[in-house]
Number of protein chains: 2
Amino acid sequence: MMKNILKQLRKAGYRLTKPRKQVLEVLTFYPQSVTDIVTLLKKKQAKVDRATVYRTLQVLVELGVVGKTKFNDQTTMFELLSDDHHHHLVCTDCGAVEDICLDETLLINQVNKQTKFKVKSHTLEFFGLCTHCQ
Amino acid sequence: MMKNILKQLRKAGYRLTKPRKQVLEVLTFYPQSVTDIVTLLKKKQAKVDRATVYRTLQVLVELGVVGKTKFNDQTTMFELLSDDHHHHLVCTDCGAVEDICLDETLLINQVNKQTKFKVKSHTLEFFGLCTHCQ
DNA sequence: TTAGATGCAAAAGATTTGCATTATG
DNA sequence: CATAATGCAAATCTTTTGCATCTAA
């Protein structure tokens with residue numbers, strides 16, 4: 001998995017530095033804030049500057065390896081992207097995040113029918129109550 | 001329209017102050033950043049402090065009169081909500097925003113079928129190229 | 001060896017908050 | 001007239017940037 005990402009980085013002309021590997025080590029398939037990531041790095045004794053974390057995430061998002069999502073409050077979240085294109089169910093009570101796979105072709109079709117706008121990407125998040133909190 | 005909002009404010013126990021009315025005057029049905037709003041207010045000679053703009057927007061969002069959206073970059077956007085529940089087509093080239101009305105019941109149904117999560121709200125934005133920029 | 005990457009510190013934004021003052025109801 | 005709301009300034013937080021130093025290739 002991560003091996004693969006490292007290859008992609010190289011292919012794109014980026015160096016495989018220690019900080020970059022360390023950031024990749026703490027990234028997950030669920031969304032984390034920059035602060036989450038920095039905290040995890042500290043816990044692992046990995047001394048990576050916050051600015052470097054930002055720079056690394058920027059590169060990874062560019063490569064399409066990491067997704068950048070905004071939740072309803074303020075926070076920007078980052079997560080590793082798997083092959084399955086999924087969305088989030090965010091609990092507004094406890095903050096838990098569930099993944100869900102949806103078929104959006106119907107939606108995209110609606111857009112194409114209504115306008116000439118060329119859709120390249122989209123964001124879709126759901127907010128509500130998880131099983132625990134309802 | 002705005003009369004109606006003022007009534008809602010009153011009913012909720014808020015005072016109809018000059019700053020609140022002035023903010024409402026510059027709000028639109030398309031998304032604007034706080035800076036946009038502050039600039040418009042200045043143009044109109046309305047002296048409303050940035051902090052007051054934030055506080056007012058917070059109240060209006062709470063009342064469900066104003067929608068708060070995040071676009072892909074960084075900026076938080078605010079817009080008056082009309083009765084029609086619509087979504088945005090954001091041009092990644094020129095920044096233009098089109099509205100579009102979609103029927104998401106199919107989507108919500110998919111969610112309900114797959115999980116016990118209780119969906120209260122959702123966000124859905126599309127990014128791509130407008131007719132001009134493609 | 002050398003250009004790209006990092007750390008650090010400072011800058012730039014965005015948002016929030018405390019408090020004395022103002023003005024709505 | 002009581003108190004909710006405002007303006008102002010300061011405090012926080014998030015993200016970006018300049019630059020000297022370091023390091024992967």
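Reminder, nothing fancy here: chain letters follow the sequence lines and each chain counts from 1. From a predicted model like this one, the values you see are computed outputs, not experimental measurements.
A rotation axis mapping the C1' atoms of four pairs onto the next four is fitted at both ends of the helix from C/dT1-D/dA25 to C/dG25-D/dC1 over five pairs, and the angle between these axes is 40° to 10 degrees.
Without hydrogens or angle criteria, A/Gln110 side chain to B/Asp103 main chain gives a donor-acceptor distance under 3.5 Å.
The side chain of B/Thr76 contributes an N or O atom lying less than 4.0 Å from OP1 or OP2 of C/dT15. Residue B/Tyr54 places at least one side-chain N or O under 4.0 Å from the OP1 or OP2 atom of C/dT15.
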(request) Going 5' to 3' through nucleotides 20-25 of chain D, assign each nucleotide B (protein heavy atom under 4.0 Å from a base atom), S (under 4.0 Å only from sugar-phosphate atoms) or - (no protein heavy atom that close). (result) ---BBS

(request) Could you encode protein contacts along nucleotides 7-13 of chain D as a string, one character per nucleotide from 5' to 3', using B for base contact, S for sugar-phosphate-only contact and - for no contact, with a heavy-atom cut-off of under 4.0 Å? (result) BB-----

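B/Leu16 is not listed as a side-chain neighbour of B/Tyr14, based on a closest heavy-atom distance of 4.5 Å or more. Looking at heavy atoms from C-beta onward, A/Val66 lies in side-chain contact with A/Leu80 at the 4.5 angstrom threshold. Proximity of A/Thr56 to A/Thr17: side-chain heavy atoms (C-beta onward) are nowhere separated by under 4.5 Å. A heavy-atom distance below 4.5 Å is found between the side chains of A/Leu24 and A/Leu6. Within the 4.5 Å cutoff, side-chain heavy atoms of A/Val34 are placed close to those of A/Tyr54.
Listed by first then second residue, pairs satisfying salt bridge (Lys or Arg N to Asp or Glu O under 4.0 Å) with a partner in residues 104-126 of chain B number zero, not counting sequence neighbours. Applying the side-chain hydrogen bond (donor to acceptor under 3.5 Å, both in side chains) test to every pair with at least one member in residues 30-45 of chain A, sequence neighbours left out, gives these pairs: A/Glu25-A/Lys44, A/Thr28-A/Gln32, A/Ser33-A/Asp36, A/Thr35-A/Arg50.
B/Arg20 places its CZ atom 15 Å from the P atom of C/dA23, with the value rounded to the nearest Å. Following rounding to the nearest Å, A/Lys21 (NZ) and C/dA5 (P) show an atom-to-atom distance of 14 Å. Rounded to whole Å, the distance from NZ on A/Lys68 to P on D/dT14 is 14 Å. When rounded to the nearest whole Å, the span between CG of A/Leu57 and P of C/dA5 equals 15 Å. If you measure from atom CD of B/Gln22 to atom P of C/dT24, you get 11 Å, rounded to the nearest angstrom. The CD atom of B/Gln58 sits 14 Å away from the C1' atom of C/dA14 (whole-angstrom rounding). Atoms CD (A/Glu62) and P (C/dA5) sit 11 Å apart, rounded to a whole Å.
Residues A/Leu60 and A/Leu41 are members of one and the same hydrophobic cluster, defined by side-chain heavy-atom contacts under 4.5 angstrom among Ile, Leu, Val, Met, Phe, Trp and Tyr.
Across all non-hydrogen atoms, the minimal contact from B/Asp99 to B/Phe29 is OD2-O, 4.0 Å.
Legend: residues meeting side-chain contact (heavy atoms from CB on, under 4.5 Å) with A/Ile100, ordered by chain and number and at least two apart, are A/His87, A/Leu89, A/Leu102, B/Val111, B/Gln114, B/Thr115.
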